[in-house]
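A quick write-up on the structure given underneath.
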Amino acid sequence: MRRRRLVPLVAVSVTATLAPALATSTATAAPAAAPSTVATAEAALNRYVEQEPRWKRCEADSPAEFECATIKVPLDYRVPGGKWIDLAISRIRSTAPDKRRGVLFLGPGGPGSPGLDIPLDKQRYLPESARQKYDLIGFDPRGVGRSTPISCDLEPEERNWLRPYKKETFDEDAAWARDFAGKCKEKAGDTLPHLTTRNAARDMDLLRAVLGEEKVSYLGNSYGTYLGAVYTQLFPGRADRFVLDSAVDPARVWRGMIQLWAEGAEPAFDRWTEWAAGRSGTYGLGDTPKEVDRTFWDLVARADEKAIEVDGQPTTGDDIRRNMRFMAFRPTEATELVLELKKATAGEPASAKKLTAFAGSGKTEPASDNSTASFWAVACGDNSAAWPRDPERYRQDTIEDKRRYPLYGDFTSSIKPCAFWDTSVEPATTVNNKVGALVVQNEWDAQTPLPSGQALHAALKGSKMVTVLGGEGHGVYLNGNACTDDTVTGYLLTGKLPAKDVTCEATADSNAEAQKKQKRDVLPGLPLPERF
């Protein structure tokens, strides 16, 4: 019965976000959300709310307590009586029903990464006190994994989207981006416009209502922080305890966030040169940061002139730059890899295992292009205005950013499929509210650099921030740092934010645990191992 009492509440909260879309859409929208239109939308949404998930064991060999189900959600929330798509969901129930507070939604990374298995992973690390407090809820965002997945029929070579600038290949890169967008429109054109973060947040709220909950608590990592922030903007009254770990700057989605990788890599690279110079007696890369810098760029130049062969695999200067962007945030490993490259360049035996991250071929994405297709659907659809439409603009930006950020600037600013994507159905979400949240951020995070977390903290005016000085890796919570783990767990248990922002110090063990748990993954569409 509790779910039935929530029906009008979810209808009001969801349709409240529909009116602006109805007023601005260029599709079949009315000039404004008239009362009859709202009533019709409420009635259509009520039918979705009344769903009863059919929970069952997720896999034959998975734990019995790990349950999965599928619900239906509107493809287009402006027309909730129209087409629907699947949303795959999962749960692990509270271990102590008498102490249960509610649900803890677990937001996945990406965009384009599935989240169905996250409850199974988190239960191994969450303290028992938190396991007692919440049902852990996972989901594959719309278009991803088992939630009506999309495809653009992209071949593996078409999925490589971080391309260095070369004057002689720029026109080919522009043609690739145009063809990429064209294939996506041809294959998934009816679905693409609706694979946005705003709609994913609406799916979350619909799921909340289906589960019979008045509010949602949330733990999101990486892209999941932006999804959580958008939820607080659309449904501020539904947000309970929100933890946003390794945060996206909401004002920079998504071209600006990709470009931030290059901006963030430069101070990390400088930190590495200082680190290596301070250990010149051990590594011999140079006695000063300038000498270490010169050693690195000499290697890049030599590899550009003639690819370095390691175990039969060619490694170019672009390959070195591409991967040093990430490795610079971890000075020890960056140094060891540069040493192996020096050996290979000198014709000495080098460790192919250590150089895997620099290999020019590396792994490719699995046969399905779902992660790449859904990544770009969100990256282009959330804010098409952020992407210039003139290829020449990308050429000029790339040349300039290669000068400003020599390690990685041309990769991030080079032309992307969004240059040829259709205009977004809705405007970009401006995150600017006073909902309480806890933003958690490592100082040295390659994927969401520190300024990104600070920007989300500023946008969420009711938030507090935990900064881990010296923290490395993408992901902070549950890595064994007592300062951060106790702060986050305390908030999840009590709902009380710290009185002021918190600064923690990284420990060797917590950084090591972060690297251990942070499996080596592949960015959607990249042939090179990266962490996401």
Side-chain angles (χ1 to χ4, degrees), residues 1-54 69-89 105 137 139-150 185 187-214 216 227 230-231 233-235 237-238 374 377-378 381-382 422-429:
M1 294 301 295
R2 181 174 59 160
R3 180 180 297 111
R4 297 301 176 259
R5 288 198 298 270
L6 284 174
V7 170
L9 296 179
V10 71
V12 170
S13 64
V14 175
T15 53
T17 70
L18 301 182
L22 284 165
T24 59
S25 173
T26 57
T28 57
S36 59
T37 303
V38 173
T40 302
E42 287 183 7
L45 285 168
N46 283 346
R47 291 195 290 271
Y48 286 101
V49 172
E50 291 164 0
Q51 296 177 90
E52 297 282 351
R54 297 181 180 180
T70 301
I71 65 171
K72 308 299 183 184
V73 297
L75 172 63
D76 185 351
Y77 276 91
R78 300 168 305 161
V79 191
K83 294 182 179 179
W84 50 260
I85 56 176
D86 289 336
L87 188 73
I89 58 177
F105 280 24
I137 305 296
F139 56 95
D140 286 349
R142 54 171 53 208
V144 177
R146 299 184 185 181
S147 294
T148 311
I150 65 161
K185 185 173 183 178
K187 177 70 176 180
D190 292 342
T191 305
L192 282 182
H194 310 294
L195 301 185
T196 63
T197 302
R198 290 174 70 89
N199 278 336
R202 291 171 178 136
D203 292 343
M204 281 176 52
D205 200 58
L206 184 54
L207 175 57
R208 170 201 61 75
V210 168
L211 296 177
E213 301 292 332
E214 292 191 14
V216 168
L227 175 56
V230 171
Y231 185 89
Q233 192 67 34
L234 298 185
F235 306 100
R238 301 301 188 189
S374 52
V378 175
D382 273 354
D422 285 345
T423 302
S424 299
V425 173
E426 296 184 84
T429 303

Partners meeting salt bridge (Lys or Arg N to Asp or Glu O under 4.0 Å) with D140 (sequence neighbours left out): none

Find out whether V378 and T196 are in side-chain contact, i.e. whether some heavy atom of one side chain is under 4.5 Å from a heavy atom of the other. no

CG of L211 to CG of L206, rounded to nearest 0.5 Å, is 9.5 Å

What one should report as the nearest heavy-atom pair of S424 and G381 is OG-O, 2.8 Å

Between CD1 of I137 and CZ of F105, what distance do you get to the nearest 0.5 Å? 6.0 Å

With a 4.5 Å heavy-atom cut-off, do R198 and T429 have their side chains touching? yes

With salt bridge (Lys or Arg N to Asp or Glu O under 4.0 Å) as the test, would you mind laying out the steps for E426 and R202 before giving the verdict? CA-CA 13 Å; E426 296 184 84; R202 291 171 178 136; 2.9 Å; yes

Gap between atom OG1 of T197 and atom CG of L227 - 0.5 Å precision: 6.5 Å

Would you say D86 and K72 make side-chain contact, with heavy atoms under 4.5 Å? yes

Are P53 and V210 side-chain neighbours, meaning at least one heavy-atom pair lies under 4.5 Å? yes

Are any side-chain N or O atoms of E50 and backbone N or O atoms of R47, one a donor and one an acceptor, separated by less than 3.5 Å? no

How long is the span from the CG atom in L87 to the OH atom in Y48, to the nearest 0.5 Å? 12.0 Å

Close side-chain approach of L75 and T191, heavy atoms under 4.5 Å: yes

Treating S147 as the side-chain partner and A88 as the backbone partner, does any N or O pair qualify as donor plus acceptor under 3.5 Å? yes

Please find the pair of heavy atoms, one from G189 and one from P193, that lie closest to each other, and give the distance. O-CD, 3.1 Å

Could you check whether N199 and Y77, counting side-chain N and O atoms only, form a donor-acceptor pair closer than 3.5 Å? no

Do D205 and Y231 have side chains that get closer than 4.5 Å, going by heavy atoms? yes

What are the two closest heavy atoms between G143 and S374, and how far apart are they? O-CB, 4.0 Å

Would you say that W84 contacts I71 through its side chain, given a criterion of any heavy-atom pair below 4.5 Å between the two side chains? no

If we only count heavy atoms from C-beta on, is the K83 to H194 side-chain gap below 4.5 Å? no

Start with the C-alpha distance between V73 and R142, add both sets of side-chain angles, then the distance that settles side chain to side chain contact (heavy atoms under 4.5 Å, CB included), and finish with yes or no. CA-CA 9 Å; V73 297; R142 54 171 53 208; 3.8 Å; yes

What do the steps show when you test R208 against F235 for side chain to side chain contact (heavy atoms under 4.5 Å, CB included), and what is the final call? CA-CA 11 Å; R208 170 201 61 75; F235 306 100; over 6 Å; no

Give the minimum heavy-atom separation between K185 and L192, together with the two atoms involved. N-CD1, 3.9 Å

